[in-house]
Amino acid sequence: MPKRYWLMKSEPGCFSIDDLAGEPDQTTTWDGVRNFQARNMLRDQIKKGDEAFFHNSGTNPPGIAGIMKIVSDGYPDYTAEDPTSQHPDPRHTKDNPIWYMVDVKLVRKFKEVIPLSTLKETPGLEAMEVCRRGSRLSVQPVRPEEWEIVLELAERL
DNA sequence: GCCAACGTTGGC
DNA sequence: GCCAACGTTGGC
């Protein structure tokens, strides 16, 4: 299976790339995803060894803050079983898991966030999911060509 | 704060 | 299974 690329959104007020940098081994669980489309990707498609952009949402400006490596395949998101967690779901049980997560490790933080407005202006990124109006998926696939173009933008910072 | 986009729920 | 009502996301 060739390596695949992803973009994963987080609200930095909730969990930032600096929070990730401060985790032991700069690794954490990407938990709390409660959307079925994103769940399907976490459960079935994202694999250990893939890479993902860390995308800031709900910020001014929104944009890509850095790169993470996926360090586990998808597995049940046990935070759904905890009534005191951020996103509990009583339908989710050990025998019948509904929600999934992966483990992620920081690869690098960009010197500056690449603003969404820049992505939208960059040739070759017109079809990128995050550039679409009303794009709400918190886990989304990125084409290899798009990945390369964003890396070039990061080089030029 | 507004609102577009779209997911979820529930009546029928 | 349809669809209206409602809730959430997230850019602006």
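Every chain is numbered from 1 and lettered A, B, ... according to where its sequence line falls, protein lines coming before strand lines.
- Atoms CH2 (A:Trp99) and P (B:dG7) sit 12 Å apart, rounded to a whole Å.
- Within residues 131-140 of chain A, the residues approaching DNA chain C are A:Ser135, A:Arg136, by heavy-atom distance under 4.0 Å.
- Taking hydrophobic clusters as Ile, Leu, Val, Met, Phe, Trp and Tyr residues chained together by side-chain heavy-atom distances below 4.5 Å, A:Leu137 shares a cluster with A:Leu42.
- For A:Arg4, the side chain to side chain contact (heavy atoms under 4.5 Å, CB included) partners are A:Met1, A:Trp6, A:Gln45, A:Asp50, not counting sequence neighbours.
- A donor-acceptor pair under 3.5 Å is formed between the side chain of A:Glu126 and the backbone N or O of A:Gly124.
- A:Arg34 has its CZ atom 13 Å from the P atom of B:dT9, to the nearest Å.
- For the pairing with A:Glu51, the side-chain contact (heavy atoms from CB on, under 4.5 Å) check across A:Val142, A:Ile70, A:Val107 returns one residue only, A:Val107.
- To the nearest angstrom, C1' of B:dC6 lies 10 Å from CG of A:Asn35.
- Of the inter-residue distances, the one linking A:Asp73 atom CG with A:Asp44 atom CG reads 11.0 Å to the nearest 0.5 angstrom.
- In this structure, A:Leu7 places its CG atom 11 Å from P of C:dG11, rounding to the nearest Å.
- The stretch residues 117-129 of chain A touches DNA chain C through A:Lys120, each having a heavy atom under 4.0 angstrom from the strand.
- If you take CG of A:Asn60 and P of B:dG1, they are 16 Å apart, rounded to a whole angstrom.
- The residues A:Arg39 and A:Asp77 are annotated as not salt-bridged, no charged nitrogen and carboxylate oxygen being separated by less than 4.0 angstrom.
- The phosphate of C:dG10 has OP1 or OP2 within less than 4.0 Å of a side-chain N or O from A:Lys9.
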Which is it for A:Tyr78 and A:Trp99 under the ring-ring contact (aromatic ring centres under 6.0 Å, His included) test, yes or no, and what are the steps along the way?
-> CA-CA 8 Å; A:Tyr78 53 75; A:Trp99 305 112; over 10 Å; no

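- Judged purely by distance below 3.5 Å, without hydrogens or angles, the side chains of A:Asp82 and A:Thr79 never pair a donor atom with an acceptor atom.
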